Amino acid sequence: MSLLVEMRGIEKRFPGVHALRSVRFDLKPGEVHALMGENGAGKSTLMKILSGNYQRDGGEIFFEGKPVAPDSPRAATDLGIGIIHQELSLMNDLTAAQNVFIGREPRKSFGRLDEPALNRQTADIFSSMNLKLDPKAQVDTLTIAKQQMVEIAKALSYKSRVLIMDEPTAALNDAEIAELFVIIRKLRSEGVGIIYISHKMDEIKRIADRVTVMRDGEYVDTVDAESTPLSRIISMMVGREVSEKPLDVPDTRGNEVALEVRNLKRGREIRDVSFTVRRGEILGFAGLMGAGRTEVARAVFGADPRDDGEILVHGKPVSIHSPSDAVRSGIGYLSEDRKRFGLATGMNVRANIALASLDRFTSKAGVLDERGMRETANNYIDQLGIRTPSDTQEVRLLSGGNQQKVVVAKWLLRDCDILFFDEPTRGIDVGAKSEIYKLLEELAAQGRAIIVISSELPEVMRLSHRIAVMCEGRLTGILPGGAETTQEQIMELATQRESAMAPVGEVA
Amino acid sequence: MSQTIEATQPRQKKALISSGAQQRLLAFASLIVLLIVFSIASPNFMQTSNMIAILQATSVNGVLAVAATLVIITGGIDLSVGTMMTFTAVMTGVVLTYLGMPLPLGVVTAIATGAFCGFCSGTFIAKMKIPPFIATLGMMLILKGLSLVISGTRPIYFNDTPGFDLISRGSLIGEIIPALPIPNGVLILFIVAIAASYVLSNTVLGRYTFALGSNEEAVRLSGVNTDRWKMAVYALAGGIVGIGGLLIASRLNSAQPALGLGYELEAIAAVVIGGTSLSGGRGTILGTLIGALIMAVLTNGLRVLSVAQEWQTVVTGVIIILAVYADMLRRRKV
Amino acid sequence: MSQTIEATQPRQKKALISSGAQQRLLAFASLIVLLIVFSIASPNFMQTSNMIAILQATSVNGVLAVAATLVIITGGIDLSVGTMMTFTAVMTGVVLTYLGMPLPLGVVTAIATGAFCGFCSGTFIAKMKIPPFIATLGMMLILKGLSLVISGTRPIYFNDTPGFDLISRGSLIGEIIPALPIPNGVLILFIVAIAASYVLSNTVLGRYTFALGSNEEAVRLSGVNTDRWKMAVYALAGGIVGIGGLLIASRLNSAQPALGLGYELEAIAAVVIGGTSLSGGRGTILGTLIGALIMAVLTNGLRVLSVAQEWQTVVTGVIIILAVYADMLRRRKV
Amino acid sequence: EEMFIPLISKGFQHQFWQAVKAGADQAAEEFGVKVTFEGPDNETMVDKQIDMLAAALANKPSAIGFAALDSQAAIPLLKQAQEAGIPVVAFDSGVDSDIPVTTATTDNLAAAGLAADKMAEMIGGSGKVAVVAHDQTSRTGIDRRDGFLNQMKEKYPNIEVVSVQYGDGDQLKSTEVAKAIITANPDLKGIFGTNEGSAIGVVNAVRETGTEGLVVIGYDSGTAQKEAIMDGTMAGAITQNPVGIGYETVKAAVAATKGEDLPKVIDTGFYWYDKSNMDDPKIAAVLYD
Ligand SMILES: Nc1ncnc2c1ncn2[C@@H]1O[C@H](COP(=O)(O)OP(=O)(O)OP(=O)(O)O)[C@@H](O)[C@H]1O
Ligand SMILES: Nc1ncnc2c1ncn2[C@@H]1O[C@H](COP(=O)(O)OP(=O)(O)OP(=O)(O)O)[C@@H](O)[C@H]1O
Ligand SMILES: [Mg+2]
Ligand SMILES: [Mg+2]
């Protein structure tokens, strides 16, 4: 079978970074080709070159055997190359349908828009994805997961010959991922070539035909997905073995209660949620998209107002009306949307890491201790393996996973007693993921109370000492962590809708 | 995936009028409060002739504000609307008075001149990547100077073009309904506003206007020629400014070459009071009209009350802040 | 990981001067080109006295532009700098002339009044969530009116405060180095600029100024009391405007209550010409100084050349656009 | 009921207009009428002035005082006033129409001509002079500039007016303008500033540059100009009689409502003043602070 795409000897340099060194990659029609590598390995950069977003510094690209030079996103789409970018690039003020068809709106005469047709066609795409979403919903009112689905719908609507998916599932939960895979398989059977990037290793086995691994901007190898064990792929990626230590649930029942939330309420999003976290404990929050876990965390953190509810820290009621109140009471919150809520992307790594802890680096006169911040930042860069030319690199120039690590570093530095981590490993590679798990466990061992919200069930199960499950704004149950709890038990609680619900107490 | 999806719908179904209509009505709240207060304070305020004077006073600023709205929704700004208006008036004067051409050609000149100037600003911004603030500041100065140069720093009168002053001052409506002598200028403002509103919500140009202001990079990545559309928006706004130029020229029966500076701030103020965000991506023409009316009612009302001029300024400042604050509260609630 | 990462260093080591210094030099390029062109065009331009006149002409606008820079870096805007300057001058007049207080108290009054006004704008913006454009537009009108009210629409002269006019006109430097009679006003501008620059790059306040403009929500979610810091930035900017008020009052030896409108646009123009982005998050005081100097050189040069006024305006517009375009090209290249 | 007479002027903030207002207020008290005084921020805002006139008419005044920025633009409203039987008194500069019952004004052309005569006399009939004007397009700006230039051209062929630049009547801007003119023309002998702001700007420029021997002639009065004349920086200035203009306008308006006959023009006059005659009671009466 002839190749659909072939890239040879691709070179790309950014100031201070040699991002791609003579990388090659090929794609056959009707295959799913996974592109793997650590954060900052150059995966997104390679794909941005293929999709006409960046210009290559060297190398050749062939499309169906003919040399091509996609010099703009338009040129790439015209060739039949579509891409779902890693970072959401939607127009927030427009509706879902308007986003999907931007640039290709159904028109009537005189440049008039055919809005009903637009909404109808979008609804068709959504239903073909088995996605129930109002095409007229404004994008900035959607959760990040739904926004991701809109991006996917947009890419599908192009009916491309080559579809690049750069971490499409980072924000999705299992059900949504399964739905996406159905779509991918259908496209594959239609002869579309799909390039698939993900840090979720299990997905590779489920969907990929071949796997290409990159490391440090270089091509490592291309292997068959089915016959190659995951551990081999991982060691090709990180250049070493990553050992997974099984969860060891400590007995924290005797510890002091660090955070108690009583009867938290807000509209339909949060309906009477109560829970406690003890020192040294990791409480996981599981649930489907829109279950309200983020909302609970934000309400506790004071980022959103709440209608009712009491928050006690170390047994004392605290009044939290803003994030600064929360931080003063020792509560930290790492947001799930790093770009919008986590980072000042125009500022450098050092400034972002120090952003929540500036008072620590400030003299009485208000002068900043730049040296102290540099040392601290470099410590975290080493500890978390943040790939950056220096601590003065602007954060927006880092790869997605490395940006996430910067946010993690910011909250580690802030050193709160109670820490909410909302999707802490979104877009983070396997190696770094286990580093972060280790860090969370260390933090807990030091006596902090950790709350982890994650849409990846394995992650919740890997980390949590207890697992709280939410459904439609209600806390439907709290399960013990460790081997006794199964995925099925969690899913049952996560889908326990109101009518079917019996009153639940704390199971643990 | 189906478990979690809920349609976006108004929270309370009990409300007697639909939340959409309610919201639209509430947007007028500040305006209506102002009208009521002034009516109570002065018996002379609520007269037909004074209401018409207010509408007349709104017409030019309103048209400029509509133009500014388009540009602001793209995330840009147009500081040149005031002097561009003057420039189009002067060019109309050249065509009608100096060259003695017939009236329709004058109308075409005004709109074409405006569209061309807007196109130039758009080119500076889209092609030369000059920030809108600077590009239109430059345009503002260039057009201010050129108006003076071309007119020889003298007003150009339209005495030789009979009917020219009727563009703004005549009243088609008044001829049909004598009790309602609404001047044509006001009629034109409403036509322009309705047309702009239609373009914004029903055409491709309108769609890209919002899209550009929302996330220009995303639009570009979707393969849209953003430069071209941006230039088109600025040109359209320029054309509308040309209509503003016609209105003011007709109202003053002359092209006043030194006029225009400061009008840009008033227009932008109307836009922002009307709830359009300066960071782009959202805004409505209706809001802008309300904003322009708030400003006109305020100015007129304080004058009718014979408030001392220095205090008029203070009160205007306070009320602008309060009106927008009220609007903020309303939005947070609804 | 070390394989791929190269230290951030200039690509060509051959360059004689470091790329940083080169960049800084190039930022001055437009300014230097202007200076050279005017020197060639008129023998009278490049005289010490005229250079000092240019610097003197920069001083007030420069100080206002420094204040505007701070606000603009937070992603805001301050339309009230012009009338606030006037208001601080009037209040100084009240304290020194009407109440007969000693000079230092006048200085304190000006700065404190400015800081208080800035604090008010900051409160409207941070606490009442009014968009900066409207909050400061309101302030602009309020302060304009209050200046007239308080002064009784009459200038307040500082004849009873000996030494007041030396604040701006005297020359400390000239006393030490007689060949360099740089007026104190210019000295004050540079001190203000250096101080503001220091604050921006070395203090918490400066860090939050940039952070607010970069992503306010992220800063808030980092547990920072963003409202308080925003108010602090506006108050600081107001204090600097107060210094501007002192400078102009001293230069005119009077507080002119009607002055000030239009100065805001000039200040913002200097900021944007200096490369600070109106969308916030980035900017430098050095750039603003260069921007203010470009404007002052341009105005002075065209006047010295006795270019007709209307053409002066046109040329200024064209050159502002070109200067920023040149700067854009430079940035893309380096 | 109290008679109500709004005055719509060309400006508000300048000392000149404040003096007109003072005169109007004085007359208001004397005749027991209510007077308001309004004007746009600067003399280019023709349509703003029309809006002010419209608002004034809404209040059904007994009479109106009006200083037109552009007569033509105001004609429909003036006709409306005429139809409503509201007498209009023009002031400052005339209205090209027969609607106003009378006009209280200064002959700016002649006044600026007098400034030219004085300038010529003081620089000895030859040399270079310059003008710092306050406005390029307003009636007063044009008349004062042209009055000066025409007189120079007609009567003093040896005097060259090397530069006419505009400072918007803003003291700071006028200062910079004057400094640039002085720089560009080292052999300059005199500068004429066409209103208070312009004149003070010239005085400031002379002080800041330390120029000596330059003949500065101003227009209007005000504390700073009077001081500059006292200390010799300014040779002298033309003053109108703004208080008189305001007073006469209101007085004429009151008379018009009573149907009294009025002259077509009430010339309120202008005067030259310098160190020698400033304390003359006749001059002191028309000077204001
Ligand atoms: N515009 C840019 N300017 C400078 N450096 C860049 C730019 N874009 C990417 N880089 C750098 O190039 C390298 C490769 O980045 P890339 O985004 O391709 O990584 P990735 O493999 O997609 O990683 P991740 O899994 O974290 O998304 C990183 O070191 C990144 O910091
Ligand atoms: N910005 C927003 N505007 C309006 N509704 C929102 C917004 N963000 C979330 N919601 C709604 O609030 C509810 C709870 O969402 P939330 O993000 O808290 O869920 P979650 O459990 O954290 O799930 P996810 O895995 O998607 O983060 C959902 O119905 C969602 O649609
Ligand atoms: Mg990536
Ligand atoms: Mg969430």
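Residue numbers begin at 1 in each chain, while the letters A, B, ... track the order of the sequences. These numbers were taken from a predicted model, which means no experiment stands behind them.
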Seminar exercise, completed: When the 4.5 angstrom heavy-atom criterion is applied to A/Arg112 and chain B, the contacting part is both
For this session: Would you mind checking which part of A/Ile83 comes under 4.5 Å of any heavy atom in chain B, side chain (CB onward), backbone (N, CA, C, O), both or neither?
Result: neither
For this session: Between chain A and each of B/Glu216, B/Arg282, B/Arg207, count heavy-atom pairs under 4.5 Å; write down the option with the most.
Result: B/Arg207
For this session: Enter the distance from B/Leu79:CG to B/Ile77:CD1 here, rounded to the nearest 0.5 Å.
Result: 5.5 Å
Exercise. Is chain B contacted by the side chain of A/Lys154, its backbone, both, or neither, given a heavy-atom distance below 4.5 Å?
Worked result: side chain
Exercise. Is there a side-chain contact between A/Gln98 and A/Met91 (heavy atoms, below 4.5 Å)?
Worked result: no
For this session: Could you give me the CA-CA distance, side-chain angles and deciding distance for B/Glu217 and A/Ser89, then say whether side-chain hydrogen bond (donor to acceptor under 3.5 Å, both in side chains) is met?
Result: CA-CA 8 Å; B/Glu217 186 58 17; A/Ser89 55; over 6 Å; no
Exercise. CE/A/Met149 to CG/A/Leu131 distance, rounded to the nearest 0.5 angstrom?
Worked result: 5.0 Å
For this session: Hey, could you give me the CE/CD1 distance between B/Met139 and B/Ile134, rounded to the nearest 0.5 Å?
Result: 14.0 Å
Problem set entry | Residue among B/Leu205, B/Leu212, B/Val199, B/Val204 with most heavy-atom pairs under 4.5 Å to chain A | B/Val204
